[in-house]
Structures are given as C-alpha cells and as structure tokens.
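Read the numbers this way: they start at 1 and go in the same order the structure lists the ligands and their atoms.
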Amino acid sequence: MNLLRTLKRTVAAGAVLLAAVSLQPTSAFAAPPPVVGGVRAAQGEFPFMVRLSMGCGGSLLTQQIVLTAAHCVSGSGNNTSITATAGVVDLQSPSAIRVRSTKVLQAPGYNGTGKDWALIKLAQPINLPTLKIANTTAFDSGTFTVAGWGAAREGGAQQRYLLKATVPFVSDASCRSSYPSLVAAEEICAGLPQGGVDTCQGDSGGPMFRRDNAGAWIQVGIVSWGEGCARPNLPGVYTQVSHFAAQITSAAAGL
Ligand code: ARG
C-alpha cells in the first residue's frame, strides 16, 4: 500500500528523482545485516510484537487488541480474516500463538494521508505483556527502537525471524524538507542522515518505541511509510501515537 504512495510520490517528484533512484549503486559488498540495518531480536525481548497475516506488524495494546496501521486494513467492522501471530521471534516456531481477528477499527477519517492507525480485536486474549502508548509528547524525541518481520533491504524478502534496530528522532522541520507532504502534527520521523537503518515493507503497523523515565517501553510511533528504505536523507515516517492516544484509548475501550 505504501508502495502505491511511494510510487505516487516518486512520479510526483519527477524525472530528477527517478534518475537519482535508478543511479543508486547496488554494492555487492557491505550487504546490511539483517527491519534494514537491524539484528535479530532475542526470544521474549519484545513480547508485545505481533505479526499480522496480511503482512504487517502490530503491537499488543491490550491482551485482546492489536494496534497497527490504517493502511494495513481495508476498513472497519466485523472481520475474522486476519490471523495474529505472537509470542515468538520465529514465525515458524511450533510455540507460536495464533489468534484470529473478530473486528477491525480503521482510524476515523483515514484517507491515505496521516491518521495511519487501526485496531484489531482478537477472538481471545493473548497472555503476554502489552505495550503502553505515549499520551504526551514527552517521549517524542531521542533514540527509538523499531522491530518487525518486514524486508531487511529495499525490495527484499519478508523475514522469518524478528529484526530490531535503533533510529534517532528527526525533527518535523528536517523531515518536511525530505517530504513536503508530511502531516507534521500526525507523523513523526526517524532515521539517520546517511541512511542504512530503517523499517521497510512489511514492518508497517509495527511499533516504534523507547524507554520512559521508569525504564518501561512506551510506544511513540507506528510504522507508516517512507521513500524506499534506509535511503540517505529519507527517514522513516511513523504515525505520531501521542497525537492519537486519547482517540486510540477510547476506541479500544469501545471495541
Ligand atoms: N508502508 C510500509 C509497509 O507497508 C512500511 C514502509 C516503511 N518505510 C520506511 N522507509 N520506513 O510495510
């Protein structure tokens, strides 16, 4: 889905950008370690991480509700078509917990720009730790952790094992210079100026998180989009969870 947006953006940016992209060298060396530039997460390290069957990530907002991206779902209503896999870094592990969805709530007003969040209610609760969401902007800076089973490089395959990486906050002003269409109030960016570390296709819907003042994980972002993956000066764009926290919490209570 982001691909469509990426394509739209690429086309809109015109021939200069297309030329720049096609000239990007593909080095035979220095292939990034298997998210892009990440390493494998340890079993149990991020117990709130969920893989969704449509090829997205998510996080346990409650034991029975997954927070993901609006662009990962097709609308709101009863929906038993999604399977959530949890409790494992290895998606092929025999100890994977798999639970079906019962309902989906796509962010009200979602139209493909901003508001990229959704909730999925599960048929049964999963007995694993949840990830709390930031309800103030206090943690919307610093260094963030991202994790997912998405591609380990632009255009690459989905991963069997959960990968993790850390990416620094990028200011709205800087991010807007990369992406003029950024919805600054609703989106938060992260990435290195030189690229090399990023989320990528298939990581969408998964959490971007950090430690709060008590040392607990707190979710500040939802993987949303980017131009390619891990390219220099093209950070990852994440739904700014603090902006939607009150809405997410009340929607979850009513789901
Ligand atoms: N929208 C993508 C997905 O569906 C995630 C892209 C994130 N891209 C990035 N460069 N951070 O999985």
Side-chain angles (χ1 to χ4, degrees), residues 1-10 13 17 20-21 24 32 34-38 49-59 66-74 82 84-85 91 104 106-107 110-118 120 143-159 162-170 174-179 181-183 186-209 219-241:
M1 249 154 294
N2 183 58
L3 214 55
L4 284 177
R5 236 180 126 177
T6 299
L7 285 173
K8 263 200 311 198
R9 281 160 195 281
T10 306
L17 179 53
V21 167
Q24 272 204 335
V35 170
V36 182
M49 283 294 310
V50 171
R51 175 69 171 182
L52 297 169
S53 53
M54 83 293 276
C56 278
S59 52
V66 174
L67 176 59
T68 187
H71 81 260
C72 289
V73 301
S74 47
I82 302 166
T85 302
L91 294 177
V104 172
Q106 191 178 44
Y110 173 71
N111 68 1
T113 303
K115 298 178 180 50
D116 197 6
W117 66 269
I120 297 174
T143 300
F144 305 124
T145 297
V146 289
W149 290 271
R153 60 181 171 83
E154 196 177 318
Q158 298 294 296
Q159 300 292 301
L162 181 64
L163 299 180
K164 64 167 181 177
T166 58
V167 278
F169 169 73
V170 170
S174 169
C175 197
R176 196 187 273 111
S177 68
S178 302
Y179 301 121
S181 69
L182 184 78
V183 185
E186 301 183 4
E187 296 177 318
I188 180 170
C189 304
L192 295 163
Q194 70 270 30
V197 184
D198 198 3
T199 47
C200 200
Q201 266 55 42
D203 292 321
S204 276
M208 177 171 80
F209 47 99
Q219 183 171 357
V220 303
I222 301 169
V223 179
S224 182
W225 61 276
E227 178 80 44
C229 304
R231 298 186 191 177
N233 297 311
L234 290 171
V237 183
Y238 299 79
T239 308
Q240 190 162 359
V241 166

Participant: Please confirm whether Gly202 comes within less than 3.5 Å of ligand 1 when only nitrogen or oxygen atoms on both sides are compared.
Facilitator: yes

Participant: Using a 4.0 Å cut-off to any heavy atom of Ser224, which atoms of ligand 1 qualify?
Facilitator: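 In order of number, 1 (N), 2 (C), 5 (C).
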
Participant: Do Met208 and Ile188 have side chains that approach each other closer than 4.5 Å (heavy atoms only, starting at C-beta)?
Facilitator: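 When only atoms from C-beta onward are counted, Ile188 and Met208 do touch, with a gap below 4.5 Å.
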
Participant: Within ligand 1, which atoms have a heavy atom of Asp198 less than 4.0 Å away?
Facilitator: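 The list of qualifying atoms is 9 (C), 10 (N), 11 (N).
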
Participant: Is it true that a side-chain atom of Gln158 and a backbone atom of Gln201 form a donor plus acceptor pair closer than 3.5 Å?
Facilitator: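 Yes; at least one donor-acceptor contact below 3.5 Å.
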
Participant: For Pro235, is there any backbone N or O sitting under 3.5 Å from a side-chain donor or acceptor partner on Tyr179?
Facilitator: yes

Participant: Tell me the ring pair (Phe, Tyr, Trp, His ring centres under 6.0 Å) pairs involving residues 186-209, sequence neighbours left out?
Facilitator: Phe46-Phe209, Phe48-Phe209, Phe209-Trp217

Participant: Under 4.0 Å from a heavy atom of Gly236: give me the atoms of ligand 1 that qualify, with their elements.
Facilitator: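 Result: 11 (N).
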
Participant: Between the main-chain N or O of Gly150 and the side-chain N or O of Asp203, is there a donor-acceptor pair closer than 3.5 Å?
Facilitator: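 A pair under 3.5 Å: yes.
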
Participant: Less than 4.0 Å is my threshold; does some heavy atom of Glu227 fall inside it relative to ligand 1?
Facilitator: no

Participant: Any nitrogen or oxygen of Tyr238, main chain or side chain, under 3.5 Å from a nitrogen or oxygen of ligand 1?
Facilitator: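 In fact, backbone or side chain, Tyr238 has no N or O that close.
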
Participant: Please state whether Cys200 comes within less than 4.0 angstrom of ligand 1, counting heavy atoms only.
Facilitator: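 Cys200: in contact with ligand 1 (<4.0 Å).
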
Participant: Decide whether an N or O pair under 3.5 Å exists between Gly228 and ligand 1.
Facilitator: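 The answer is yes, given that Gly228 and ligand 1 share an N or O pair closer than 3.5 Å.
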
Participant: Relative to ligand 1, is Asp203 under 4.0 angstrom through side chain, backbone, both or neither, heavy atoms considered?
Facilitator: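 The answer is the backbone.
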
Participant: Quick check: do Pro168 and Leu192 have side-chain heavy atoms less than 4.5 Å from each other?
Facilitator: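 The answer is yes; the side chains approach within 4.5 Å.
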
Participant: Are side-chain heavy atoms of Val220 and Val241 found at a separation under 4.5 Å?
Facilitator: no

Participant: Output the list of atoms in ligand 1 that are nearer than 4.0 Å to some heavy atom of Cys229, sorted by atom number.
Facilitator: 10 (N)

Participant: Could you see which bit of Cys72 sits under 4.0 Å from ligand 1, with heavy atoms only: side chain, backbone, both or neither?
Facilitator: neither

Participant: Does Gly148 have a non-hydrogen atom less than 4.0 Å from ligand 1?
Facilitator: no

Participant: Quick check on contacts: which atoms of ligand 1 are under 4.0 angstrom from a heavy atom of His71?
Facilitator: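 That gives atoms 1 (N), 3 (C), 4 (O) of ligand 1.
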
Participant: Do Ser59 and Gln219 meet the criterion of a side-chain donor-acceptor pair at a distance under 3.5 Å?
Facilitator: yes

Participant: List for me each residue that meets ring pair (Phe, Tyr, Trp, His ring centres under 6.0 Å) alongside Tyr238, sequence neighbours excluded, and say none if there are none.
Facilitator: none

